[in-house]
Amino acid sequence: MEKQLKYKRILLKLSGEALAGEKKMGLDIPTITEICKSIKKCSDAGAQIGIVVGGGNYWRGRSSDTMDRVRADHIGMLATAMNALAVADVLEGLGCEVRVQTAIDMKQIAEPYIRQKTLRHFEKGRIVIFGCGTGSPFFSTDSAAALRAAEINADILLKATMVDGIYDKDPHKYADAVKYDTLSHHEILVHSLKVMDSAAAAMCSDNKTPILVFDLSRPDNIYDAVMGEKVGTVVS
Ligand code: GTP
């Protein structure tokens with residue numbers, strides 16, 4: 001029997017670092033291709049997919065203490081636009097129909113973000129990649145993911161990370177860290193579990209957006225997550 005989708009409409013958050021592979025900086029096309037193959041499988045199975053990309057492979061915070069925070073965040077938003085275009089290019093190379101929409105107008109390069117157009121693209125089977133975060137400084141791309149997930153009424157926000165779920169403490173530092181299978185939004189906020197920054201976590205909680213945190217070092221986890229296989233930690 002053919003597998004059924006568990007989540008029909010998803011918002012996938014990809015960190016910038018995930019696009020850099022072992023290089024840690026810039027773009028690693030073979031790594032991005034593996035991620036995109038998994039995304040294409042979800043799309044072929046009928047999932048409607050919005051993607052928010054981070055920019056950490058190009059830019060993190062401020063380059064110096066004297067740099068203006070707003071200017072630094074603007075540079076970060078441009079980094080996410082570059083990543084959005086790169087992911088779009090690889091997905092198109094695999095045969096997907098893709099539209100890039102940015103929260104800051106750069107019309108010669110991409111469509112502006114217009115929610116109604118996003119929904120129309122989904123109806124037509126297109127993947128939509130959202131660039132430039134929320135378009136405002138002081139907000140992370142996790143907040144952009146939480147915002148877009150709420151706006152498009154996503155069934156789930158898939159947060160692809162470098163760890164295979166949510167732990168009670170940092171599993172890279174503590175051998176006895178315990179992984180949760182499920183958590184509530186309330187537990188995330190009360191225990192300050194490091195899933196996303198507090199603004200993004202609060203937005204998901206307020207809008208009752210479920211979050212699935214999982215490991216992207218195995219790219220097919222994206223497909224498995226969408227099909228409802230047991231991966232990562234679910235927050236609902
Ligand atoms: P439908 O008309 O619903 O089928 O959507 P569509 O995206 O195919 O049509 P549209 O005429 O909006 O876009 C045609 C192409 O132009 C697509 O590749 C869009 O991504 C692109 N496009 C549309 N608006 C803009 C824009 O403001 N800037 C840029 N750079 N490209 C755009």
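Whatever order the structure lists ligands and atoms in, that order sets their numbers, starting from 1. All values reported here derive from a predicted model rather than from experimental measurement.
Side-chain atoms of Trp59 do not come within 3.5 Å of backbone N or O of Thr80 as any donor-acceptor pair.
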Please tabulate protein-ligand N/O pairs under 3.5 Å for ligand 1, atom names and distances to 0.1 Å.
from	atom 1	to	atom 2	distance (Å)
ligand 1	3 (O)	Lys124	NZ	3.1
ligand 1	4 (O)	Lys124	NZ	2.7
ligand 1	4 (O)	Arg126	NH1	3.4
ligand 1	4 (O)	Arg126	NH2	3.0
ligand 1	5 (O)	Arg126	NH1	3.0
ligand 1	7 (O)	Arg99	NE	2.8
ligand 1	7 (O)	Arg99	NH2	3.4
ligand 1	8 (O)	Arg99	NH2	2.8
ligand 1	8 (O)	Arg126	NH2	3.3
ligand 1	12 (O)	Lys117	NZ	2.5
ligand 1	20 (O)	Glu111	OE2	2.9
ligand 1	28 (N)	Lys107	O	2.6
ligand 1	28 (N)	Ala110	O	3.2
ligand 1	30 (N)	Lys107	O	2.6
ligand 1	30 (N)	Ala110	N	3.3

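Within the structure, ring pair (Phe, Tyr, Trp, His ring centres under 6.0 Å) contacts touching residues 94-150 (residues at least two apart or in different chains) are Tyr113-Phe130.
Applying the salt bridge (Lys or Arg N to Asp or Glu O under 4.0 Å) rule to Lys117 yields no partners; only residues at least two apart in sequence or on another chain are considered. Checked against salt bridge (Lys or Arg N to Asp or Glu O under 4.0 Å), Asp170 has no partners two or more places apart in sequence or in another chain.
Contact check for Met196 versus Lys159: side-chain heavy atoms found under the 4.5 Å cut-off.
At a cut-off of 3.5 Å, with distance as the only test, a side-chain donor of Ser217 or Asp215 sits close to an acceptor on the other residue.
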